[in-house]
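Worksheet: one structure, shown below.
In this text, all values refer to a predicted model and were calculated from it rather than measured experimentally.
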Amino acid sequence: MELQPFGPSSVVTESPGLSRPLQQNLNLSVARLNATSVSTVQERLNQLDERNSLERVPVTSEQKLVGRIQFLALCWTLFLEGWNDGSTGPLLPRLQNVYHADLTIISLIFVFACLGFILGVLANIPLTDKLGFGKTIVLGSICQLVGYAIQSSAPPFPVFVMAYTINGVGLALQNAQANGFVGTLKSQPESKMGMLHAAYGLGAFASPLVATQFARLPRWSFHFLVSLGIAISNTVILICVFKLQKQDDCMREAGETVVERTQTMEDNTFRQVMRTRVVHIFAVFILVYVGVEVTMGGWVVTYIIDVRGGGPSAGYISSGFFGGLTVGRLALLWVNRKIGERYVMFIYTAIGLALEIVIWLVPSLIGNALAIATVGVLLGPMYPIVMNQSSRILPRWILTGSIGWIAGFGQAGSALFPFGTGVISTKYGIKSLQPMLVSMMAFMIALWAFVPKAARRPD
């Protein structure tokens with residue numbers, strides 16, 4: 001028996017040993033097989049041609065400008081988030097005096113903020129599916145407006161801490177959307193993620209400089225009027241730049257390649273996020289990492305004043321920590337590339353842990369301040385690295401939802417661990433801060449070992 005060359009018209013030549021009906025059935029089967037194969041191959045070739053044509057489409061100068069404006073708008077959003085987180089530390093001693101509260105009561109600020117973050121995380125995926133990127137991120141910015149407006153009036157303590165819940169919802173929504181947007185960019189996503197979070201560090205560096213001054217004034221709550229002004233500008237910018245559009249529409253305006261999603265993908269986003277193991281590994285790591293970052297930035301001022309005998313200007317040490325965070329996210333980009341993002345995390349964490357032991361055991365105010373700033377430099381690159389690893393490993397169609405879940409755990413950590421520090425410090429004193437930070441950083445090293453090596457996602 002002899003076969004003709006492969007193709008849709010191929011048939012089996014007649015063989016004397018086969019009956020005519022059997023010969024016809026065999027010809028029909030081969031023809032169907034060939035037709036199906038050719039159809040499948042052609043369909044795949046068409047998909048590749050379409051993808052290649054999309055990648056070959058040149059980006060116009062106008063689209064590049066739109067992309068830069070979009071990125072800068074998201075940087076301003078992260079600046080405000082950093083401003084929010086950096087404000088707490090210098091204001092804590094003043095809040096204790098104003099509301100006549102011990103460390104446990106004043107730590108309720110972090111509990112109510114955590115509640116807001118959790119609500120924002122749970123709402124992020126359904127809101128994104130229903131409203132889209134543009135409306136969801138603006139909704140988050142409006143929540144911040146409401147929170148700051150309440151706090152600026154110095155209301156009774158229960159109302160004051162409730163405003164942190166509203167603010168927390170807004171922060172969680174904006175953080176998830178901004179990270180998800182930058183994580184899906186095709187052009188230099190790693191560098192842009194580093195710059196995005198450097199903007200966070202810049203905001204966290206600037207706010208203690210302002211908050212320390214307001215903490216000395218009778219109208220201490222006017223610090224939140226400054227925060228309100230920044231939040232208003234953030235809302236206006238987000239509306240003007242993204243025009244309440246969905247993420248795919250915004251990215252097309254900037255000349256980005258958009259991968260089309262099926263209705264099945266849209267319907268199963270939350271379920272797929274929950275079933276992806278690596279998402280939860282990243283989430284737990286970020287929970288501890290952000291807990292370390294905000295606990296140190298929030299409580300270090302109280303630690304320096306009570307344990308090291310620092311004065312009212314100790315609030316500037318918080319600025320040094322967050323300034324180091326900003327420097328690390330930019331200055332260490334080349335180190336991350338040289339060593340590799342996965343392995344450099346072990347190095348940063350180990351050195352940071354050693355410096356925390358120095359802060360714990362060496363009673364030097366100046367030495368502690370320098371070590372705290374250096375720890376900030378080492379912690380700085382970690383959050384962008386986690387987001388970069390997520391962007392490489394996870395499918396694009398669940399990336400925004402996954403990053404929202406991961407970032408939400410981080411926001412929860414920014415409330416959970418500082419609250420725990422406050423409770424423990426009430427019983428054992430604020431000197432317990434450094435042993436807690438050392439144990440948390442050791443746990444970070446163990447967690448990172450479970451993160452799989454990143455391979456560039458197929459889409």
Subject >> Approximate separation, where rounding is to 0.5 Å, of Ile237 CD1 and Cys75 SG >> reply: 11.0 Å
Original post:
Could you walk me through whether Ile317 and Val301 pass the side chain to side chain contact (heavy atoms under 4.5 Å, CB included) check?
Top reply: CA-CA 7 Å; Ile317 293 179; Val301 176; 5.7 Å; no
Original post:
More than 12 foreign heavy atoms under 6.0 Å from CD of Gln213: is that the case here?
Top reply: yes
Subject >> Side-chain donor/acceptor of Asn179 to backbone N/O of Asn175, under 3.5 Å >> reply: yes
Going by atom type alone, with no hydrogens or angles, which donor-acceptor pairs under 3.5 Å involve a side-chain atom of residues 288-299 and a protein atom two or more places apart or on another chain?
| from | atom 1 | to | atom 2 | distance (Å) |
| --- | --- | --- | --- | --- |
| Tyr289 | OH | Glu293 | OE1 | 2.9 |
| Tyr289 | OH | Arg329 | NH2 | 3.3 |
| Tyr289 | OH | Leu379 | O | 2.8 |
| Glu293 | OE2 | Tyr200 | OH | 3.0 |
| Thr295 | OG1 | Gly291 | O | 2.5 |
| Trp299 | NE1 | Pro418 | O | 3.0 |

Original post:
What's the spacing between Cys114 SG and Ile109 CD1 if we round to 0.5 Å?
Top reply: 14.0 Å
Subject >> Heavy-atom closest pair, residues Ser141 and Leu238 >> reply: CB-CD1, 4.0 Å
**OP:** Assess the side chains of Asn167 and Gln151: does a donor N or O sit below 3.5 Å from an acceptor N or O?
**Re:** no
**OP:** Taking the side chain as every heavy atom from C-beta outward, state whether Trp220 and Val98 have any atom pair closer than 4.5 Å.
**Re:** yes
Subject >> Note, Ile347 side chain near Tyr343 side chain (heavy atom, < 4.5 Å) >> reply: no
**OP:** State whether the number of non-hydrogen atoms from other residues, nucleotides or ligands found under 6.0 Å of Phe157 atom CZ is greater than 12.
**Re:** yes
**OP:** With the side chain counted from C-beta on, respond yes when Phe222 and Val226 share a heavy-atom pair under 4.5 Å apart, and no when they do not.
**Re:** no
**OP:** Mind listing the closest non-hydrogen atom pair of Leu80 and Ala231 along with its distance?
**Re:** CD2-CA, 3.7 Å
Original post:
Can you list the steps and then say if Thr421 with Phe110 is a side chain to side chain contact (heavy atoms under 4.5 Å, CB included)?
Top reply: CA-CA 10 Å; Thr421 301; Phe110 301 110; over 6 Å; no
Subject >> Pairing residues for Trp76 by the ring-ring contact (aromatic ring centres under 6.0 Å, His included) criterion, not counting sequence neighbours >> reply: Phe79
**OP:** Step through the shown structure and confirm whether more than 12 heavy atoms of other residues, nucleotides or ligands are within 6.0 Å of CZ on Arg68.
**Re:** no
Subject >> Candidate pair Val344 and Lys338, rule side chain to side chain contact (heavy atoms under 4.5 Å, CB included), full reasoning >> reply: CA-CA 9 Å; Val344 82; Lys338 187 75 173 178; over 6 Å; no
**OP:** Would you check, one step at a time, whether the test side chain to side chain donor-acceptor pair (under 3.5 Å) holds for Gln174 with Asn234?
**Re:** CA-CA 11 Å; Gln174 291 176 92; Asn234 178 54; 2.9 Å; yes
**OP:** Hey, could you give me the OH/CG distance between Tyr164 and Asn84, rounded to the nearest 0.5 Å?
**Re:** 7.0 Å
**OP:** Write down the atom of Ala215, the atom of Leu91, and the distance for their closest heavy-atom approach.
**Re:** CB-CD2, 4.2 Å
**OP:** Give a yes or no on whether Tyr99 atom OH has more than 12 heavy-atom contacts from other residues, nucleotides or ligands under 6.0 Å away.
**Re:** yes
Original post:
Looking at CD of Gln247 and OG1 of Thr136, how far apart are the two atoms once the value is rounded to the nearest 0.5 Å?
Top reply: 10.5 Å
Original post:
Going by heavy atoms in the side chains, are Phe117 and Leu173 under 4.5 Å from each other?
Top reply: no
Original post:
Does a side-chain heavy-atom distance below 4.5 Å link Ile372 with Ile304?
Top reply: yes
Subject >> Residues which pass salt bridge (Lys or Arg N to Asp or Glu O under 4.0 Å) with Glu253, listed by chain and number, not counting sequence neighbours >> reply: none
**OP:** Could you check if a side-chain atom of Leu108 sits within less than 4.5 angstrom of a side-chain atom of Phe419, using non-hydrogen atoms only?
**Re:** yes
Original post:
Taking atom CD of Gln70 and atom CD of Gln63, what is their separation to the nearest 0.5 Å?
Top reply: 10.5 Å
Original post:
So Phe242 and Phe181, would you call those rings parallel, tilted or perpendicular, with 30° and 60° as cut-offs?
Top reply: perpendicular
Original post:
side chain to side chain contact (heavy atoms under 4.5 Å, CB included) between Tyr348 and Asn336: does it pass, once the steps are laid out?
Top reply: CA-CA 10 Å; Tyr348 291 155; Asn336 303 340; 2.8 Å; yes
Original post:
Do the non-hydrogen side-chain atoms of Ile406 and Val279 ever get within less than 4.5 Å of each other?
Top reply: yes
**OP:** Fit a plane to each ring of Phe160 and Phe224, take the angle between them on a 0 to 90° scale, and name the class: parallel (under 30°), tilted (30 to 60°) or perpendicular (over 60°).
**Re:** perpendicular
Original post:
Side chain of Arg342, backbone of Val451: donor and acceptor closer than 3.5 Å?
Top reply: yes
Original post:
Between CD1 of Ile137 and CG of Leu127, what distance do you get to the nearest 0.5 Å?
Top reply: 13.0 Å
Original post:
Any side-chain heavy-atom pair from Leu325 and Phe205 closer than 4.5 angstrom?
Top reply: no
